[in-house]
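Shown next, in structure tokens, is the structure this report addresses.
Only a predicted model underlies this, so the values are computations on that prediction, with no experimental measurement involved. Residue numbering restarts at 1 for every chain, and letters A, B, ... go by the order of the sequence lines.
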Amino acid sequence: MCGRTCLTLSPDDVCRACQYSGGSGGAKKKVQPTWRSEYNLGKTYNPSYNIAPTDVSPVLVSEAHFEEEGDSGKQVLVPMMWGIVPFWHKGEHNTHGLTTNNCRLENLMNSKLYKRSFMNGQRCVIVCEGFYEWKTTQKAKSSERDVFFIYRPQVDGVKIEDKSTWKPEEVDLLKMAGIYDVWTNESGDTLYSYTVITFQSNKTLSWMHDRMPAILDSQEKIADWLDYKRISPEDALKLLKPTDSITWHQVSRLVNNSRNKSEECNNPIKRETKSPIKSKMMQSWLQKSGKTKPTRDEEDAESPVEAKKPKLEVTDEEAGSSGPSE
DNA sequence: CCAGACGTTGTT
DNA sequence: GTCTGG
DNA sequence: CCAGACGTTGTT
DNA sequence: GTCTGG
């Protein structure tokens, strides 16, 4: 599932962080998406460690949706509300009564709510530093579930939760595939809103939750997902596959309350001590089996495996934005 | 033809 | 229990 | 996703 | 608005 995200960059910095190789002709140059602020009933984007449904956050879309003769390969950032308001909805924007913060990929193509937007090319990419996931538990109340912050592996030295260790130009933001819609009220005011596409989790995350967002893990996939004139809906769907290019750490339950916007929200906490009984059993079992360390599978896979860190090298994507400077 | 749904989650 | 707000 | 409300009256 | 169920 995906019910809370984190994005703390200013609009300008989000633009910098979303630099992509674009432009026409053979010589692709690095360009930044432009910031396109819509009225959205007066709702605006506020950088936050704790973004919840109904909040507004920036998403990438093709410029061609807005410019008459726009290049569908060009990207723009548009603040939109999380949770689609169906374009046919009558009344206040918040009275449709449907849960639309996520769209199950399995249901997309026979959904009355999402299919039209999708076939219409209204694809978007939700941008964030990471998202929060509550571990599915049988016994605990929802308020007692373990919470994790999930994000892209960063280059050496960058700690995503410590903004003093990185700059917008070098951070690797998490990008999720979504669908957006445009709603107009009786007065003719428009509201842009989006949903995050989800599917069944792969092994990397299924121990935590059975659903995960459709993460786009390369610049090419992002460009293809957004360019609705070049890539058909059918081909766009093929881009959505579970990724292993993610990592995570446990965070405090401060994030449970969406009013808590503290930067502590995405800070790692020490793993909760297991019950003494289980801990003792584990220790003696480890001694018997002569192991020094439990393997990933043996300890519930609750910490990310190594070897997911990207190599620090200058690729076409990164040329022009070097690593830590100064 | 009209009426009614249109969505997702977790948990008892 | 269920819906709305953040 | 979780938290918090869930209601009405008359009067400062 | 559009689709399904009756």
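- For the pair A/R104 and A/Y114, the NZ or CZ position fails the cation-pi test of under 6.0 Å to the six-membered ring centre and within 45 degrees of the ring normal.
- Protein atom CG of A/L108 is 16 Å distant from nucleotide atom P of B/dC6, rounded to whole Å.
- Here the separation of B/dT9 from C/dT2, taken at their C1' atoms, is 13 Å to the nearest Å.
- One atom, CG of A/D210, and another, C1' of B/dT8, lie 12 Å apart when rounded to the nearest Å.
- The side chain of A/S111 lies closest to B/dG7, out of B/dG7, D/dC2, B/dG10.
- B/dC1 is paired with E/dG6 under the criterion used here, namely a Watson-Crick or G-U wobble arrangement in which both key atom distances are under 3.5 Å.
- Distance noted for atom P between C/dG5 and D/dG7: 12 Å (whole Å).
- Taking the centre of each ring, A/F66 and A/Y192 come in below the 6.0 Å mark.
- Separating the NE2 atom of A/H96 from the P atom of E/dG1 is a distance of 18 Å, rounded to the nearest angstrom.
- Residue A/N257 has a polar side-chain atom (N or O) positioned under 4.0 Å from OP1 or OP2 of D/dG4.
- Whole-Å rounding puts the A/Y114 OH to E/dG1 P distance at 20 Å.
- One interatomic measurement links the two molecules: CD of A/Q138 to P of B/dT12, which rounds to 10 Å at whole-angstrom precision.
- A stacking contact links A/W88 to B/dC6: the aromatic ring centre lies within less than 5.5 Å of the base's six-membered ring centre, and the planes differ by less than 30°.
- Using a 4.0 Å heavy-atom criterion, one finds that A/Y132 contacts no nucleic acid atom at all.
- A donor N or O paired with an acceptor N or O is not found under 3.5 Å between the base of B/dG7 and the side-chain atoms of A/T100.
- Applying the 4.0 Å criterion to OP1 and OP2 of C/dT4, one finds that A/T54 has every side-chain N and O outside that range.
- Here the C1' atom of nucleotide B/dT9 and the NE2 atom of A/H209 are 8 Å apart, to the nearest Å.
- For A/L98, whose side chain is taken as the heavy atoms from C-beta onward, the closest listed nucleotide among B/dT9, D/dC1, B/dG7 is B/dG7.
- Between A/N102 and B/dT8 there is no side-chain N or O to OP1 or OP2 distance below 4.0 Å.
- The only member of A/T247, A/I160, A/N267, A/V255 that meets side-chain contact (heavy atoms from CB on, under 4.5 Å) when paired with A/F149 is A/I160.
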Ring pair (Phe, Tyr, Trp, His ring centres under 6.0 Å) assessment of A/F148 paired with A/H209: CA-CA 11 Å; A/F148 297 84; A/H209 204 97; over 10 Å; no
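- Contact annotation: A/R104 side-chain N/O to B/dT9 OP1/OP2 distance is under 4.0 Å.
- Rounded to whole Å, the P atom of B/dC6 lies 27 Å from the corresponding atom of D/dC6.
- Checking C/dG6, B/dG10, C/dG5 against the side-chain heavy atoms of A/R145 singles out B/dG10 as nearest.
- Of the possible donor and acceptor atoms, one in the side chain of A/D227 sits under 3.5 Å from a partner among the backbone N and O of A/R230.
- Within 4.0 Å (heavy atoms only), A/T195 reaches no atom of the nucleic acid at all.
- Backbone-only contact: A/T137 has heavy atoms under 4.0 Å from sugar-phosphate atoms and none from a base.
- C/dG5 atom P lies 19 Å from atom CG of A/N46, rounded to whole Å.
- Residue-level contact check: A/N110 touches neither bases nor backbone, having no heavy atom under 4.0 Å from any strand.
- As the counterpart of D/dG7, no nucleotide is assigned, since no Watson-Crick or G-U wobble pattern has both distances under 3.5 Å.
- Between A/W248 and A/W207, the ring-plane angle classifies as tilted under the 30° and 60° cut-offs.
- Only the C1' atoms considered, B/dC2 is 47 Å distant from D/dG10, to the nearest whole Å.
- In A/E264, the CD atom is not crowded: 12 or fewer heavy atoms of neighbouring residues, nucleotides or ligands sit closer than 6.0 Å.
- Atom CZ in A/F118 sits roughly 15 Å away from atom P in B/dG7 (whole-Å rounding).
- Distance noted for atom P between B/dA3 and C/dG6: 36 Å (whole Å).
- Phosphate contact (OP1/OP2 of D/dA3, side-chain N/O of A/R259, threshold under 4.0 Å): absent.
- Residue A/C2 is classed as having no contact, given no heavy-atom separation below 4.0 Å to the nucleic acid.
- An OP1 or OP2 oxygen of B/dC6 is reached within less than 4.0 angstrom by no side-chain nitrogen or oxygen of A/H89.
- When heavy atoms are screened at a 4.0 angstrom cut-off, A/N107 is found touching the sugar-phosphate backbone but no base atom.
- Regarding contacts with the backbone of B/dT8, every side-chain N or O of A/N101 stays at 4.0 angstrom or more from both OP1 and OP2.
- Taking 4.0 angstrom as the limit, A/N256 places none of its side-chain polar atoms (N or O) nearer than this to OP1 or OP2 of D/dC1.
- Distance noted for atom P between B/dT8 and E/dG1: 23 Å (whole Å).
- Among the nucleotides B/dC6, B/dT11, B/dT9, the one closest to any side-chain atom of A/M1 is B/dT9.
- Counted within 6.0 Å of CD on A/Q200, heavy atoms from surrounding residues, nucleotides or ligands total 12 or fewer; the atom is thus considered open.
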